[in-house]
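Take a look at the structure set out below.
No experiment lies behind these values; they were computed from the predicted model shown. Per chain, numbering begins at 1; letters A, B, ... match sequence-line order.
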Amino acid sequence: MNFWLLLVIEVVVMLLLVLTSSLVVIYAELKAGSHMQSRIGPYYAGGRWGWAQPLADGLKFLQKEDLSPTGADKTVYGFAPYVVLMSTLAIFVVIPLGPDLVAVDLDVGVYFVLAISSLSVLGILMAGWSSANKYSLMGGLRAAAQLIAYELPLVLAVVAVVVQAGTMSLNGIVEAQNDVWFSLGSFDVALPFVLRGQVLGFAIFMIAAVAELSRIPFDMPIAESELTMGYLTEYSGIRFTMFFLGEYASMVGLSAIAATLFLGGYGFPGVTGTWANILGPGILIGKIAVLVFLIIWIRWTWPRLREDQLQSMAWTWLIPLALLNIALIAGFKVVF
Amino acid sequence: MTDTPEAAVDASETTELEMTAAETYAASLTERLGATGYSEEFDTVRVFVERDAWVETIVAASEELPFFSWLSAIDWSKTTEVGEGVDEPETLEERFEVICRLSSVENADGAIFVATVPKDDASIGSLTPHFGGAEWHEREAHEMFDIAFEGNKNLVPLYLPDDFIGHPLLKSYPLIAREVKPWPGDVDVEPMPDVASDSQDAEGSDT
Amino acid sequence: MTSREMMHRSESAVSIELQTPDMTLNIGPQHPSTHGVLRLVAKVDGERIREVEPVIGYMHRGYEKLAEVRTYAQITALVNRIDWVSGFASEVPFILGVEKLMGVEAPERAQWIRLILSELARISSHLVFISSYPLELGATTPLMHSLREREYILELIEEVTGGRFHPNFNRVGGVKSAYGGGSTTKKQSMDLPAGFFKRTSEAMDRMDKICDDIDTLVTGNELIKMRTVGVGIIPPDKALEFGLSGPNLRASGVAYDLRKSDSYLTYDQVEFDVVSRPGGDCYDRYLVRLHEVRESVKIIRQAIDMIPSGPLQAKVPRVLKAPKGHVYSRAENPKGEFGYYIVSEGGKMPYRLKIRSTSFSNLTILPWILKGQLIPDLVAIMGSLDFVLGDVDR
């Protein structure tokens, strides 16, 4: 009984957290993008600053007819958006918001995150394949190609973190970053990994994460000017909303992982014990916000790469660099 | 009017008796290409070419006039369904004129090459082997005038739907909208230079 | 089933498995990157285009036929609808041709006004390109910035002509003398609106600034260079053969600009450079247009200083009857050479009007240039040719 109650609470809290955060990110994208383009952006919905615009958009989408093409594989077509959203939601299960604030503290948290976040590409491939649309198919195939190219640097960048932290538990990784690195007299210095030689790894992780999110400059699976909307072309109504929410939720999810792995997660110098549990979520959200803003900023500034350019960038630059990164970190670890 | 440039004489009357620069150019170009004649009016040089020599002449001309500007045709017809007809229908010889303009990219030189094509055998050599850009122009001329361009393998309609019947730019092709509602017609020509006469009035009142 | 049929079937099954057949991809007529209703039937092998067949004509309005039943004055209203992004500029060659035919010459002030408005139209057209081209490559922000600046240009055009897109401002022998529509004999309403030159030079300062902004946002962007440098190279001989003109031709190293080589209006009195680049790729086509905005700004600044006062309209007969004759009149439009071949048989209407629209000729190169390209490059190349479907379909 207790278990089930806890499960329900956990699921509800998690869902609320994820969905609210993606609404907030959608709003942030609308506003930040507008201001970068010297526009005002949403202004009326909600009475002030258009804060309710994402909600209004969501409601509008829900009212739309749920269309599916005649030639579509209806089951797969209908199921695809949920695969994407599910894989995204599952990431949040292992992300520690504080020393004790974690839904499930898996020993192999990193492994779980990497495995489950790649599932979303399966959903995208399903969507592209089942839509019975050539543009969708090409979008889905591009997404699959992108996954193969970018999963490797992503994993390799994480491997370096695991080597440095000596654990695969996300909580353990955060604690490793909160541990005293060295002491200057009586002053203990605890630094996140990004300041402990992981700059390269962090950069590779972020590039790969943006590629996995299919956002500009790596939005070839959608590529509006080339493939109309790629794998999303045929989707409408609630299924489109699912994809949309999934995109923003996974933006938050991957930012949260990046913050946890490289930026010290919920940890902050001087915040320990119970305070870490109270302030932890806020600190983590702050770090996520910075990363999310970075991703939004990139999107509104840069154009799109070409698929083959992305592939050659991944195989000729990122993977060798990630391997070099592992070697350096491992050597560093052995020497000191 | 094929190779006797009556119009050219008219035009030169209005200027001087000696040849203008454009006319000199037209004459020398015609001689160099071995074309049958030329006309020059309003600085517009037209060089008349035999139908059989069409492709060779234009390819030869492109040595000095490399810019392929456009290709089209004119339907000279005694009767017209819509619009104003020719000046003297009795003396007119019914024919197509296939016209193609080449020009220089260094100066203002350029010429319109004209080949006469009889209506009962409306065909001429295609320029597509030499000018890639000619394909669309020839397709347009084909669908609009029903002129065959021998050697153009892709003479499918360009603008018109595949099942369209008729050749819209022929003078015998009626403009349905005009048939249904005769506007502006001959009567209702907008008194255009109203503003001009106003300004003349205004000037007049000042002086 | 006979054995022959069976053999045939098995063979086809094998061939499908071994060599993937080309897929026919219909791009358009409703597609985000075709600027309207252009349709490309592409045979693709994965992302690579084997062959592409453009299908045009969705917007064919038959202007050449319509012109045969309209008087010369009425045709001006038609021709600025050919290329609506630079409506004024497509009026100019037509009206110059008619004036040549009738032996009328517009007063000098009218010529200068035409020049200023043509250059404003050029800036406006190029700004549309500068805004939409990065968008095709996926960058959304330059769009807003340069469209915002274009609004200042459109406002200037509007306050003089009364129309943002379709000015219909040229008259045979001059320009419309009263702004705001309707004829009035009040002297002050017979000229450009008060303060027009001041606002124009302010707008020109803005144009300089937006060019610098675009330089930092787009020109120097590594990703833009990755997508455009060396992509879609058009050698000069091919460009001439396909009749490419304007910035597309100048980007291939042929410095062909009618404003210089066959000067019209008062272009011979202003100083400007013909922008040309040697590369012939998409990046050069983009750069040529960006630099042409700067040159146009230069031209307009000089024109503001040099414009004389005087009447706007020459004396012309009440009913315009052209003499018999042929005239070909052309001008350097924002997109290239725009020409009208007018055949007059001595009436109020032309016997035949051939419209040499720029985008039509610029697009004839598509099947050649797109062969063997990737689909993302198709978008980059097509965008770099800067066409307007109204100008293609006439």
Side chains of B/Ser104 and C/Tyr256, heavy atoms from C-beta outward: is any pair under 4.5 Å? no
B/Glu41 side chain near C/Val327 side chain, heavy-atom distance below 4.5 Å: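 The answer is no, as the side chains (C-beta and beyond) never meet within the 4.5 Å cut-off.
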Answer yes or no: does atom NZ of C/Lys371 have more than 12 heavy-atom neighbours from other residues, nucleotides or ligands under 6.0 Å?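 No, not enclosed.
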Inspect the surroundings of CD in B/Glu106 and state if more than 12 heavy atoms from other residues, nucleotides or ligands are less than 6.0 Å away. no
Are B/Ser69 and C/Glu337 close enough that a side-chain donor and a side-chain acceptor fall under 3.5 Å?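 Note: B/Ser69 and C/Glu337 side chains meet the donor-acceptor criterion.
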Taking all non-hydrogen atoms of both residues into account, name the closest pair between [X] and [Y] and its distance.
X        : Y        : result
C/Tyr341 : B/Ile74  : CE2-CD1, 4.0 Å
B/Ala108 : C/Arg330 : O-NH2, 3.5 Å
C/Phe242 : B/Gly133 : CD2-N, 3.3 Å

Quick check on the interface: out of [options], who has the most heavy-atom pairs with chain B under 4.5 Å?
options                              : answer
C/Met59, C/Lys238, C/Glu53           : C/Glu53
C/Trp368, C/Tyr72, C/Tyr328, C/Tyr58 : C/Tyr328
C/Ser245, C/Pro367, C/Gly174         : C/Ser245

Run the side-chain contact (heavy atoms from CB on, under 4.5 Å) test on B/Phe68 and C/Ser361 for me, step by step, so that the C-alpha distance in whole Å, both residues' side-chain angles and the decisive distance to 0.1 Å come before the verdict. CA-CA 9 Å; B/Phe68 176 82; C/Ser361 292; over 6 Å; no
What part of [X] is in contact with chain B, defined as an atom under 4.5 angstrom from a non-hydrogen atom: side chain, backbone, both or neither?
X        : value
C/Val343 : side chain
C/Ala255 : backbone
C/Ile56  : both
C/Lys354 : side chain

Name the region of [X], side chain, backbone, both or neither, that has any atom closer than 4.5 Å to a heavy atom of chain C.
X        : answer
B/Leu102 : neither
B/Pro66  : both
B/Ser77  : both
B/Leu71  : backbone

How far apart are the C-alpha atoms of C/Arg352 and B/Asp75, what are their side-chain angles, what is the distance that settles it, and do they pass the side-chain contact (heavy atoms from CB on, under 4.5 Å) test? CA-CA 8 Å; C/Arg352 166 105 171 87; B/Asp75 174 22; over 6 Å; no
Quick one, B/Glu140 with C/Arg394, criterion salt bridge (Lys or Arg N to Asp or Glu O under 4.0 Å). Give me CA distance, side-chain angles, the key distance, then yes/no. CA-CA 12 Å; B/Glu140 190 195 354; C/Arg394 299 191 299 249; 2.5 Å; yes
Worked check of ring-ring contact (aromatic ring centres under 6.0 Å, His included) between C/Phe360 and B/Trp70: CA-CA 10 Å; C/Phe360 178 78; B/Trp70 49 269; over 10 Å; no
dist B/Leu65:CG -> C/Leu240:CG (nearest 0.5 Å) comes out at 11.5 Å
Within the side chain of B/Arg46, is there an N or O that forms a donor-acceptor pair under 3.5 Å with the backbone of C/His326?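 Such a contact is absent between B/Arg46 side chain and C/His326 backbone.
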Is a side-chain N or O of C/Lys260 found less than 3.5 angstrom from the main chain of B/Asn107, in a donor-acceptor match? no
Consider side chain to side chain contact (heavy atoms under 4.5 Å, CB included). Of C/Leu244, C/Leu249, C/Val254, which one does B/Phe67 pass it with?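 Only one of C/Leu244, C/Leu249, C/Val254 forms a side chain to side chain contact (heavy atoms under 4.5 Å, CB included) with B/Phe67, namely C/Leu249.
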Look at the rings of C/His60 and B/Tyr159 and say which category their plane angle falls in: under 30° parallel, 30 to 60° tilted, over 60° perpendicular. parallel
Run B/Trp76 and C/Glu345 through side-chain contact (heavy atoms from CB on, under 4.5 Å) and show every step you take. CA-CA 11 Å; B/Trp76 292 104; C/Glu345 274 294 299; 3.4 Å; yes
I'd like to verify something: which residue of B/Ala134, B/Ser62, B/Ser103 has the highest number of heavy-atom pairs under 4.5 Å with chain C?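 The answer is B/Ser103.
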Between B/Val156, B/Val45, B/Ile112, which has the largest tally of heavy atom pairs under 4.5 Å with chain C? B/Ile112
Would C/Glu68 and B/Leu169 count as a side-chain contact (heavy atoms from CB on, under 4.5 Å) here? Give the steps. CA-CA 10 Å; C/Glu68 289 172 12; B/Leu169 280 181; 4.2 Å; yes
